[in-house]
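Take a look at the structure set out below.
We number each residue from 1, following the sequence as shown. These values consider heavy atoms only, across backbone and side chains, with no hydrogens, waters or symmetry-generated copies. No experiment lies behind these values; they were computed from the predicted model shown.
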Amino acid sequence: MFHPRPGRRAPRAAAGEDAPAIRVRGQVVLLRVLPPADGQWCGQPDLQVKKQVMVCASLLRRVMDSRFDRMGMGGPLFIDVTWHPAGDPGSDKETSSMIIANTAVNYCGLETVLHMTCCNQTKEEITGHLQKAKHLGLKNIMALRGDPIGEEWEEEVEGFNYAVDLVKHIRCEFDDYFDICVAGYPKGHPEAESYEADLRHLKEKVSAGADFIITQLFFRSKTFLAFMKDCQAIGITCPIVPGIFPIQGYHSLRQLVKLSKLEVPQEIKEVIEPIKDNDAAIRNYGVELAVSMCRELLDSGMVSGLHFYTLNREVATTEILKRLGIWKEDPRRPLPWAVSAHPKRRVEDVRPIFWASRPKSYIHRTQEWDDFPNGRWGNSSSPAFGELKDYYLFYLKSKSPREELLKMWGEELMSEESVFEVFTCYISGEPNREGHKVTCLPWNDDPLAAETNLLKEQLEKVNRRGILTINSQPNINGKPSTDPIVGWGPSGGYVFQKAYLEFFTSSENITALLKVLKTKKYELRVNYHIVNVRGENITNAPDLQPNAVTWGIFPGREIIQPTVVDPVSFMYWKDEAFALWIEQWAKLYEEESPSRMIIQYVHDNYYLVNLVDNEFPLENCLWQVMEDTFGLLNCPTEP
C-alpha cells in the first residue's frame, strides 16, 4: 500500500487507456491480498509469503466490501493480489486471483497489481491471462517465476522458467500497456548462486522492462538500506519498495521463515519465545518492531514507499501507519458516487442517480461501454445497459447471509404493513419486533449515509404510511465542497443539489399522488416519473431529457454535473429495482408461502416513483407533496 508522507500526496495515475497506471514516487503504502487456493497454501509466489486460507464465496463477498473498503480508506496507491497455480488463478471463479483483482479495480476503485507467475503455464496460457487482464482494465502486473509445484522447479518446456523471460514477453506482446513490478531479495534469492549473482539477475529484469521493484521481507532496516546501495552501485535506478511484514503470530512467523528460508535475528527470537502463546503480546511487539524499522527507512531518505504484507489482516498495518503519521483518511469524495479504477472509466464524471446505492451493479451493467459520459450525460435515447441476470455474483449479492436477512426482514410476514415496518426500521435505526436492527435493504446494502440522515425524520414518517423509499437526497444550495456530509470534489468549490425522492408505493397512493402533482402548485416545479413492473409509465419529463440533480462549481474548472435523473435510464433501472424484490427478498421464503406471496404481490402491483423538486434554493416541497397526497387519501369520497 503506498501512502504519501504528511504534506505530500502520492500522484494519481495518468488519464487515458494507454497511460501506465502506476508511477512510484514519494512515501506510499501498498497492501497485499492473498486469494484462496482451493484449500492449498495460498502463496506469495517468488516473495514466499504464504498463508493457508479456506474462503467460501459468501465470506469473500464480505472481504471485498468491508476489508477492501477499510484497506482503501487511507488512500493506498495500489493493492496487489497474489497468484497461486493450484487455485485456478486466471479463471472466472469468484475466488480466483483474476476476479478478485477485477473486483478491486472495477467495483472497489482500488488500483491493483495482479501477480502472474511462470509456474505450470505455457506461453500461450500466459498470453491469454494477460489479454484477459487487459480486457478487465488491469494495467499492472507483478512478474514472478513462482514457487515450484513440488520440491524442485521443473522446467516449463513450452513456457518460461525465469521472471526475466516473463517481463520480456509482456513488453514484446503488450508494449507499454502494463506497468511491471518484479521481486528483489535483500538477502539474495535462496536459489541464487550468490548475493552478487542475484543482483545481476535483478538488473536483467529491470533492463528487460520492469518499472519498479518490491522486495522480499526482512527483519532489519540496515539489510534493506545495504541492498538499496548495492542496487544503485550496479546501475539499478528504478524505485525499490521495501517489503514490511508485521509479525502477528508465532506459528505464522515460523511457517513464513520455513518457506522463505530466511533467518530470524537472535534478538527477535529472544523476545518472541517467552510470549509465543500470547498472540496479543506478539502482535504488539510486531507493531512496535515494524514502526521502528519503518521510521528508520523513512528517515534514510532512500525509500520510494512502504509495502506491507497484510496476510489479509489490515488491523496491524493500519495501526503502524497511524503511528507513523502516514495513514491520512480524507473523507471528501472526488465525486458523489463510488469511482472505478478501470482505465476506460477515468474520464467518467456523470451517472444516473438511480444506482447511487448499487454502484457495483451500475459498473457491471455498463462494463461493455466503449465510452463514458464526461461533462454531460446528454440525450441517452439508447444507453444500452446490459441485462442484469447475474444476481449470484458475489459483488452483487447482499453482504449478509440468509439467516441474518430473515432476522432483519422477517421470518414470517403477515401483511403489506409488515413490509412497511422493515423499511421504517431501516430508516429509524430502531430494532424490529424481534429485536433485530435492520441494517440493509435489497436496494441499500449499507446503513444510512450521513446525507440521508438529514432527511431521517421525514423519511421515517412516509415509510410508515407505505411510501417505501429506496433513494433520496436533500436540496443543497452552495455548500462548501469540503462539507463533511454533502461535500465532494476539490477544495475551494461549492456544491448544489435538487431534492430527490424515489420510492415504491401502491396503485391507490399513485392515483392520489398524480392528482396532487398535476395541481398548479407543483406541475412546473416537480418532475415525476412513475412506472410499474410491466413498464406502464407516466412522466412529465420534457422530451425525455436528463435533469441534472447534483452539480459543483470549482476554481478554474467548468461546472461538473455528476448526477442526473434520466428518464430512459430509469426504465432500465426499474427492471433491476423490481427484480430485487424477488431475487433478494421473496426467495428467502418457501414457494407458495404467505411471506413470499406478500412480496410477490408488492412486486406485481406497486409502482416505482421518482420525484425531483427543481426549486433547489427554496425549502424542499416533496414532503408537502406527500402530506397533500395523504390528505387526499383521508378525504371522504364524494357520493
Side-chain angles (χ1 to χ4, degrees), residues 3-4 6-12 15 68-76 108-110 327-341 345-360 362-363 373-377 427 444-459 469 471-502 546-565 612-620 622:
H3 249 272
R8 300 177 62 187
R9 185 173 293 278
R12 293 195 176 274
F68 271 11
D69 287 345
R70 293 197 300 271
M71 286 179 171
M73 284 176 64
C108 299
L110 294 171
W327 185 268
K328 296 292 183 184
E329 295 181 17
D330 186 350
R332 282 181 294 132
R333 305 164 291 173
L335 290 165
W337 31 262
V339 298
S340 167
R345 305 187 86 111
R346 287 196 179 130
V347 299
E348 179 185 25
D349 63 6
V350 188
R351 287 184 188 174
I353 195 172
F354 318 122
W355 284 271
S357 296
R358 287 179 60 79
K360 293 179 176 64
Y362 180 80
I363 292 168
N374 175 244
R376 295 181 183 275
W377 180 258
I427 296 295
N444 305 274
D445 208 27
D446 293 300
L448 288 185
E451 181 180 9
T452 309
N453 274 312
L454 298 175
L455 308 173
K456 188 172 180 178
E457 183 179 344
Q458 297 96 326
L459 288 170
T469 60
N471 196 352
S472 60
Q473 71 176 28
N475 58 313
I476 301 296
N477 186 20
K479 285 273 190 179
S481 60
T482 53
D483 185 272
I485 296 178
V486 299
W488 55 272
S491 300
Y494 294 90
V495 297
F496 302 79
Q497 291 181 178
K498 295 178 182 178
Y500 176 77
L501 191 63
E502 184 180 340
N547 184 355
V549 291
T550 306
W551 63 99
I553 300 173
F554 304 95
R557 299 183 62 178
E558 293 184 356
I559 294 175
I560 302 174
Q561 300 178 0
T563 309
V564 299
V565 170
V612 178
D613 178 5
N614 291 298
E615 295 286 356
F616 65 92
L618 306 180
E619 185 177 352
N620 180 356
L622 299 184

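- Tested against Thr563, the residues Trp551, Trp337, Phe354, Trp488 include a single side chain to side chain contact (heavy atoms under 4.5 Å, CB included) partner, Trp337.
- Glu348 meets the salt bridge (Lys or Arg N to Asp or Glu O under 4.0 Å) test with Arg345, Arg351; sequence neighbours excluded.
- The two atoms that bring Pro555 and Ser491 nearest to each other are CD-O, 4.1 Å, heavy atoms only.
- Once rounded to the nearest 0.5 Å, the distance linking CG of Asp613 with CG of Asn475 reads 6.5 Å.
- Residues Leu454 and Val486 are in side-chain contact: their nearest non-hydrogen atoms beyond the backbone lie under 4.5 Å apart.
- Side chain of Asn471 to main chain of Ile353: a donor-acceptor pair is present (N/O by atom type, distance under 3.5 Å, no hydrogens or angles).
- Once rounded to the nearest 0.5 Å, the distance linking CG of Asp483 with CD1 of Ile476 reads 7.5 Å.
- For Val564 against Ala548, the heavy-atom pair with the smallest separation is CG1-CA, 4.0 Å.
- Shown here for Pro490 and Ser481, the closest heavy-atom pair between the two residues is O-OG, 2.6 Å.
- The closest donor-acceptor contact from the side chain of Arg333 to the backbone of Gly487 lies under 3.5 Å.
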Which pairs of donor and acceptor atoms, one on a side chain in residues 492-502, lie under 3.5 Å apart (sequence neighbours left out)?
residue: Gln497; atom: NE2; partner: Glu451; partner atom: OE2; Å: 2.8
residue: Gln497; atom: NE2; partner: Pro474; partner atom: O; Å: 2.8
residue: Lys498; atom: NZ; partner: Asn547; partner atom: OD1; Å: 2.8
residue: Lys498; atom: NZ; partner: Asn614; partner atom: OD1; Å: 3.1
residue: Tyr500; atom: OH; partner: Glu502; partner atom: OE1; Å: 2.6
residue: Glu502; atom: OE2; partner: Trp573; partner atom: NE1; Å: 2.6

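- Other residues, nucleotides and ligands contribute more than 12 heavy atoms inside 6.0 Å of the CD atom of Glu615.
- Checked against side-chain hydrogen bond (donor to acceptor under 3.5 Å, both in side chains), Thr452 has no partners two or more places apart in sequence or in another chain.
- Interatomic distance, Asn453 CG to Ile485 CD1, rounded to the nearest 0.5 Å: 8.0 Å.
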